[in-house]
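Everything below concerns the one structure shown next.
Every chain is numbered from 1 and lettered A, B, ... according to where its sequence line falls, protein lines coming before strand lines. Note: hydrogens, waters and symmetry copies are ignored here, and every other heavy atom, side chains too, is used.
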Protein chains: 2
Amino acid sequence: MTEDTADGGQCPTPERFTQARAAQSMAVLEDYAEMIDDLAQELGEARITDIAARMGVTHPTATKAVARLKREGLAVSRPYRGVFLTEQGAALAARVRMRHRVVVDLLVAVGVPQETAEIDAEGLEHHVSDVTLKAFETFLARR
Amino acid sequence: MTEDTADGGQCPTPERFTQARAAQSMAVLEDYAEMIDDLAQELGEARITDIAARMGVTHPTATKAVARLKREGLAVSRPYRGVFLTEQGAALAARVRMRHRVVVDLLVAVGVPQETAEIDAEGLEHHVSDVTLKAFETFLARR
DNA sequence: ACAGAAATGTAGCCAAGGCTATAAATCAAG
DNA sequence: CTTGATTTATAGCCTTGGCTACATTTCTGT
Ligand SMILES: [Mn+2]
Ligand SMILES: [Mn+2]
Ligand SMILES: [Mn+2]
Ligand SMILES: [Mn+2]
């Protein structure tokens, strides 16, 4: 017998919420890392002003986010200069970009309009586990 | 010509992030509303202790969340008594439960293990737009 | 070279959502 | 009816991620 909660398995367990909160705490880091990587490719470097504009926030908010990235070892920067990802930050950006793309592709594959897929993916991407991502890739390869 | 950003459409627009942040600000409200509804069905009423235990937080945290629910007109309660959803709160809970179920079903349909689907859905559900939800339902009906 | 514009930094405010510690109320036995 | 256990409330702290206002630095055009 594998049932010790005495319900059909539909009762949400606290760990689910804990897990969702943990994923959420990574979301901002992930989006900024990806954006900095985007800007580095497009413009050579990521300036605070550009980061803020693209993230849809004011520049002090972007500065704070970058401070957190630096604290977590994902980025480096010197005062009044651009922001650059560390190796670790670049690796995160790459993973996030890949996940984003797979999520969008899956949404489109099941019938979601491209525009909507792009918008929803921006939130969804942070809650797709490795197992789910792999399932998405397999589904996309086989369909 | 519909292209004024001069890129292939892969450049994230600030509105995407703004939208994701808006969705996130509803997430806690949605999860608590659904949980209170669960407890009301199972036990007749939702007590703070039970809410906290199931959400995986301490009871002061649950109290604060309930305070916000009350402030937003989604729940009512009197001191030292259970928490009850308003009509509006119950409607939200119903929508959220439905969305959660559809998300899990879709994940399973594309090959995600049930256990993983349940865990990931807890975060994903808050970022699925109405358009995407409809697409999921259509996909599930047709497959 | 310098002045004005633009970018960046910084201080300080707010709300949300975590927490611990402590007080008060309710409930359950005896 | 009391009393001890449980539940709930409240105060206060922390971090995060928004914001505005203002100071400082860098860049740019003449
Ligand atoms: Mn995102
Ligand atoms: Mn993304
Ligand atoms: Mn949820
Ligand atoms: Mn849910």
(request) Name the residue closer to the 5' end of DNA chain D, choosing between Ala65(A) and Pro79(A) according to the nucleotide with the nearest heavy atom. (result) Ala65(A)

In this structure, how many angstroms lie between the [atom2] atom of [N] and the [atom1] atom of [X], rounded?
{"X": "Ile48(B)", "N": "dT10(D)", "atom1": "CD1", "atom2": "P", "value": "11 Å"}
{"X": "Glu45(B)", "N": "dT7(D)", "atom1": "CD", "atom2": "C1'", "value": "12 Å"}
{"X": "Asp50(A)", "N": "dT8(C)", "atom1": "CG", "atom2": "C1'", "value": "12 Å"}
{"X": "Lys64(B)", "N": "dG18(C)", "atom1": "NZ", "atom2": "P", "value": "10 Å"}

(request) Answer yes or no: is there an ion pair linking Asp50(A) with Arg54(A), defined by an N-O contact shorter than 4.0 Å? (result) no

(message) With a 4.0 Å cut-off on N to O distance, would you call Glu30(A) and Arg99(A) a salt bridge?
(response) yes

(message) If only side-chain N and O atoms count, and only distance matters, is there a donor-acceptor pair under 3.5 Å linking Glu122(A) with His127(B)?
(response) no

(message) Under a plain distance cut-off of 3.5 Å, with no hydrogens placed, do Thr86(B) and Gln88(B) share a side-chain donor-acceptor pair?
(response) no

(request) Return the 5'-most residue of the pair Ala46(A), Pro60(B) with respect to DNA chain C, ranking by each residue's nearest nucleotide. (result)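 Mapping each residue to its closest nucleotide by heavy atoms, the 5'-most match is Ala46(A).
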
Is any side-chain N or O of [X] closer than 4.0 Å to OP1 or OP2 of [N]?
{"X": "Arg81(A)", "N": "dT8(C)", "answer": "no"}
{"X": "Thr58(A)", "N": "dC19(D)", "answer": "yes"}
{"X": "Arg71(B)", "N": "dA16(C)", "answer": "yes"}
{"X": "Thr61(B)", "N": "dC19(C)", "answer": "yes"}
{"X": "Thr63(A)", "N": "dT10(C)", "answer": "no"}
{"X": "Thr49(A)", "N": "dT8(C)", "answer": "yes"}

(request) Would you mind telling me which of dT26(C), dC19(D), dT8(C) lies closest to the side-chain atoms of Tyr80(B)? (result) dT26(C)

(request) Choose from dG17(C), dT25(D), dC19(D) the nucleotide whose nearest atom is closest to any side-chain atom of Arg68(B). (result) dG17(C)

(request) Can you measure from CD (Glu72(A)) to NZ (Lys70(A)) and round to the nearest 0.5 angstrom? (result)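 Answer for the CD-NZ pair, Glu72(A) versus Lys70(A), is 13.5 Å.
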
(message) Let's see if you get this right: which residues in residues 20-32 of chain B place a heavy atom under 4.0 Å from DNA chain D?
(response)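 The answer is Arg21(B).
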
(message) Suppose clustering is done on Ile, Leu, Val, Met, Phe, Trp and Tyr with side-chain heavy atoms closer than 4.5 Å. Which residues sit in the same group as Ile119(A)?
(response) none

(request) Look at the side-chain heavy atoms of Ile, Leu, Val, Met, Phe, Trp and Tyr, link any pair under 4.5 Å apart, and say whether Phe139(B) and Leu124(B) land in one connected group. (result) yes

(request) Report yes if the ring of His59(B) lies under 5.5 Å from the six-membered base ring of dT7(D) with planes under 30°, and no otherwise. (result)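 No, the aromatic ring of His59(B) does not stack with the base.
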
